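Letters go in sequence order (proteins before strands), and every chain restarts at 1. The shown structure was predicted, so the numbers you read here are calculated from the model rather than taken from an experiment.
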Amino acid sequence: MNYWLLKTEPGCFSIDDLARAKKTFWDGVRNYQARNFMQEMRLGDEVFVYHSNADPPAVVGIAKIVREAYPDHTAFDPSDKHYDPASSVGNPRWYMVDVQFVRKFKMELPLPSLREQRGLSKMELLRKGSRLSVQPVGRSEWKIILKLAAKHDPGSDRCPND
DNA sequence: GCCAACGTTGGC
DNA sequence: GCCAACGTTGGC
C-alpha cells in the first residue's frame, strides 16, 4: 500500500465538501507528473487531503482510493474549465481517480507546523517552490503526520489489536 | 497583491 | 533542440 497527498483549494472543494459527498472523482489534474502519480495509485491506497491557497495551508484529513485511474471526461467538454482539445475519448491524455472520505482531522495541521518537524524535511510538500498537486508521501512521513494528528485528537490512533 | 518557481508553448 | 515569452500555482 502506498501513500499520497492531494491538494485542493477549500474555496473550490474542501474536506467538508468531501465529507458531505462521501466520494468524488478527482478531476481537473492537468500536469503530467501529477497524472503519472495518479496512474500509480491502487485501490485502498490512502491519501492526505491538503488545503492549498488557504489560510493557513494545511493537511486536513484522509481519503482513500476507491477507483483506479480512468479517463478524465472533463477534458472532453468544451464548456469545462479544464477542457483540453488534445485529449479525446479515443486517446485520452488526462486521468482521474475516485476517492472516498475517510476522516477529517480534529485539528488541521498547518504548513508552518509541518515545517518544524525534523522527519518531514524531505517531504515533497515542503520543498521550496513545490507545486505538484498529486504527490507520493513516504511511509515514515505518513506516520509522523498521523502522529501529529493524533496528538490533537486522542483516540483517533487507537487500535483494538494493540 | 506580489513574486518565486515552476511547466508549457512556439519560433527559430 | 534551444530558449524566450508566457501562464499557472500557491506561499507569503
Going through the distances and angles, do A/V99 and A/L6 end up as a side-chain contact (heavy atoms from CB on, under 4.5 Å)? CA-CA 10 Å; A/V99 305; A/L6 293 174; 3.9 Å; yes

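- Pairs of residues two or more places apart, or lying in two chains, that qualify as salt bridge (charged side-chain N to carboxylate O under 4.0 Å, His left out) and include a residue from residues 58-78 of chain A are A/R30-A/D72, A/R42-A/E68.
- Looking at residues 118-127 of chain A, you'll see A/R127 sit with a heavy atom under 4.0 Å from some atom of DNA chain B.
- For A/W142, there are no side chain to side chain donor-acceptor pair (under 3.5 Å) partners, not counting sequence neighbours.
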Return the polar atom pairs (N/O with N/O) between nucleotides 1-9 of chain C and the protein under 3.5 Å, or none.
from	atom 1	to	atom 2	distance (Å)
C/dT8	O2	A/R131	NH1	2.6

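- A/N2 meets the side chain to side chain donor-acceptor pair (under 3.5 Å) test with no other residue; sequence neighbours excluded.
- No close placement of the A/W26 and A/Y95 rings is indicated, their centers lying 6.0 Å or farther apart.
- Pairs passing the side-chain hydrogen bond (donor to acceptor under 3.5 Å, both in side chains) check and including a residue from residues 5-14 of chain A, sequence neighbours excluded, read A/E9-A/N53, A/S14-A/D17.
- A/W94 pairs in a ring-ring contact (aromatic ring centres under 6.0 Å, His included) with only one of the listed residues (A/Y32, A/Y83, A/Y70), which is A/Y32.
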